[in-house]
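In what follows, a single structure is set out as structure tokens and then discussed.
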Amino acid sequence: MDKLKTLVRTGDAPGTAKRVTELLEAGQEAEAILKEALIPAMDEVGDLFQKGEYFLPEMLIAARAMKQGLAVLRPKLVAEGVEPVAKVVIGTVKGDLHDIGKNLVGMALEGAGFEVIDLGIDVPRDKFVAAIKEHEPLALGISALLTTTMAAMKETIAAIVESGVRDGVKIMVGGAPLTQAYADEIGADYYGADPTAGKEFVKGLIK
Ligand code: B12
């Protein structure tokens, strides 16, 4: 398990997938692999990022390794009946094609055991509303990287309120041009400037 943690932390994707397979073959339970190795490894990565010891590239390759490990593990987790902690829907607003930050947020959440439904980029407000109705997520994460698309974020939240599904979901927003003041103005529950903060917010909702 320690070796697996190191492989994830150092971003060795093929090594991670191989190690997960080895552990499963050796009789280790999928849930233990997830909770005792993969998730703690990503927690360590988040800490290193916050301390300034890891930068975006390290975090991205670690998240990619985590994804590869999860891909091997997922069928076993389903077979063992391990439910994801909760669902989170994420997406980049209409008119905006930037997705690197959003993807990092999604990976951090997946790393923490959440099921992430990623609506992608250029997402119209109605699609956000439809996804909340369909998936009933614990939280929704909206990303915008352009000053011109910040307005779409406001419109998206307004559409969620209008459609009557606002009370059932916590809304977090992020993206370089945003501020806490803007997040407050448009009625978001949380503004996150980095993906690990987004993860902590959603974890806090569970508690
Ligand atoms: C990469 C990039 C692109 C790529 C995007 C590729 C992709 N797949 O994402 C491409 C080349 C496509 C692109 C296009 C454009 N871009 Co551009 N782009 C950038 C650049 C260089 C980096 C953005 C990035 O990925 N940063 C790294 C990530 C990790 O940071 P982040 O997105 O901010 O996310 C972090 C946090 O904000 C937070 N976060 C983000 N989302 C969320 C969501 C939640 C819920 C939470 C909790 C947290 C969170 O967590 C992340 C991790 O810390 C920025 C400059 C910059 N330094 O920001 C310009 C920038 C954003 N782009 C800009 C512009 C103008 C454009 C274009 C209009 C250029 C053009 N004339 O065509 C087009 C617009 C296309 C469109 N319609 O969206 C401007 C925006 C200016 C403004 N004030 O609006 C910037 C700031 C560059 C500049 N200085 O002028 N761009």
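The figures that follow rest on heavy atoms only: side chains count, while hydrogens, waters and symmetry mates do not. In listed order, ligands and their atoms are each counted from 1.
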Any N or O of Gly95 closer than 3.5 Å to N or O of ligand 1:
yes
Is_contact(atom 87 (C) of ligand 1), protein non-hydrogen, under 4.0 Å:
no
Tell me the protein heavy atom at minimum distance from atom 29 (C) of ligand 1, and give that distance in Å.
Leu104 CD1, 3.6 Å
As a quick check of understanding, evaluate ring-ring contact (aromatic ring centres under 6.0 Å, His included) for Tyr54 and Phe49, giving each step before the final call.
CA-CA 4 Å; Tyr54 263 24; Phe49 179 72; 8.8 Å; no
Check: of Ala188, Gly174, Gly101, min heavy-atom distance to atom 44 (C) of ligand 1 comes from Gly174
Minimum distance, heavy atoms only, to atom 46 (C) of ligand 1: which one of Leu178, Asp194, Val105, Leu140 is it?
Val105
Is any side-chain heavy atom of Thr6 closer than 4.5 Å to a side-chain heavy atom of Lys3?
no
Do Val169 and Val202 belong together in a cluster built from hydrophobic side chains that touch within less than 4.5 Å?
no
Would a hydrophobic clustering, with Ile, Leu, Val, Met, Phe, Trp and Tyr connected at side-chain separations under 4.5 Å, put Leu38 with Met1?
yes
Side chains of Val161 and Ser163 in contact at under 4.5 Å (non-hydrogen atoms)
no
With nothing but distance in play, are any N or O atoms of Ser143 less than 3.5 Å from an N or O of ligand 1?
yes
Any ion pair linking Asp43 and Lys199 (charged N to carboxylate O, less than 4.0 Å)?
yes
Would you verify that at least one protein heavy atom lies under 4.0 Å from atom 67 (C) of ligand 1, or report that none does?
no
So which heavy atom in the protein is nearest atom 6 (C) of ligand 1, and how far is it from that ligand atom?
Ile100 CD1, 4.4 Å
Suppose I only count heavy atoms of Asp96 and a 4.0 Å limit; which atoms of ligand 1 are within that range?
78 (O)
Got a salt bridge between Asp189 and Arg166, using NZ or NE/NH1/NH2 to carboxylate O under 4.0 Å?
yes
Is there at least one protein heavy-atom neighbour under 4.0 Å from atom 76 (C) of ligand 1?
yes
Note, Leu24 side chain near Val72 side chain (heavy atom, < 4.5 Å):
yes
Give me the nearest non-hydrogen protein atom to atom 63 (C) of ligand 1 as residue plus atom name, then the distance to 0.1 Å.
Leu146 CD2, 3.7 Å
Quick one: nearest non-hydrogen protein atom to atom 84 (O) of ligand 1, plus distance?
Thr147 N, 2.8 Å
Could you tell me whether atom 55 (C) of ligand 1 has a protein heavy atom closer than 4.0 Å?
no
Just jot down the ligand 1 atoms closer than 4.0 angstrom to any heavy atom of Ile142, in number order.
43 (C), 45 (C)
Nearest-contact summary for atom 27 (C) of ligand 1 - protein heavy atom, Å
Leu56 CD1, 4.1 Å
Find all atoms of ligand 1 within a distance of less than 4.0 Å from any non-hydrogen atom belonging to Asp99, and give their numbers and elements.
7 (C), 8 (N), 9 (O)
How about atom 70 (C) of ligand 1: does it have a protein heavy atom within less than 4.0 Å?
no
Does the protein place a non-hydrogen atom closer than 4.0 angstrom to atom 2 (C) of ligand 1?
yes
In the protein, which heavy atom is nearest to atom 16 (N) of ligand 1, and how far is it?
His98 NE2, 3.1 Å
Mind checking whether Leu97 has an N or O less than 3.5 Å away from an N or O of ligand 1?
yes
Show the atoms of ligand 1 that are less than 4.0 angstrom away from any heavy atom in Ala193.
36 (C), 38 (C), 50 (O), 53 (O)
What atoms in ligand 1 come closer than 4.0 Å to a heavy atom of Leu145?
32 (O), 33 (O), 61 (C), 80 (C)
As a test of the contact definition, would atom 52 (C) of ligand 1 count as having a protein heavy-atom neighbour under 4.0 Å?
yes
So is there a nitrogen or oxygen of Tyr190 less than 3.5 Å from a nitrogen or oxygen in ligand 1?
no
State the atoms of ligand 1, each with its element, that fall below the 4.0 Å cut-off from a heavy-atom position in Met172.
45 (C)
Which pair of heavy atoms, one from Leu7 and one from Gly15, lies closest together, and at what distance?
CD1-O, 3.5 Å
Kindly check if the number of other-residue, nucleotide or ligand heavy atoms within 6.0 Å of CD (Gln180) is above 12?
yes
Looking only at heavy atoms, which two atoms of Thr149 and Ala144 are closest? And how far apart?
OG1-CB, 3.9 Å
pair Asp96-Asp122: side-chain heavy atoms closer than 4.5 Å
no
What are the atoms of ligand 1, with element, lying closer than 4.0 Å to any heavy atom of Gly141?
45 (C)
Looking only at protein heavy atoms, what sits closest to atom 48 (C) of ligand 1 is Gly192 O, 3.2 Å
Nearest protein heavy atom under 4.0 Å from atom 36 (C) of ligand 1, yes or no:
yes
Transitive ILVMFWY side-chain link Val88 to Ile121, under 4.5 Å:
no
Per-atom filter on ligand 1: closer than 4.0 angstrom to a heavy atom of Ala176 are 33 (O), 37 (O)
What residue and heavy atom of the protein are closest to atom 40 (C) of ligand 1, and at what distance?
Gly175 N, 3.4 Å
Same hydrophobic cluster for Ile117 and Val93, using side-chain heavy-atom links shorter than 4.5 Å among ILVMFWY?
yes
Can Lys76 and Glu31 be said to form a salt bridge (Lys or Arg N to Asp or Glu O under 4.0 Å), step by step?
CA-CA 9 Å; Lys76 304 281 174 198; Glu31 186 173 2; over 6 Å; no
Hey, quick one: are Ile160 and Met172 part of the same hydrophobic cluster, counting side-chain heavy atoms closer than 4.5 Å, chains of contacts allowed?
no
Side-chain ion pair, Asp118 and Lys102, N-O less than 4.0 Å
yes
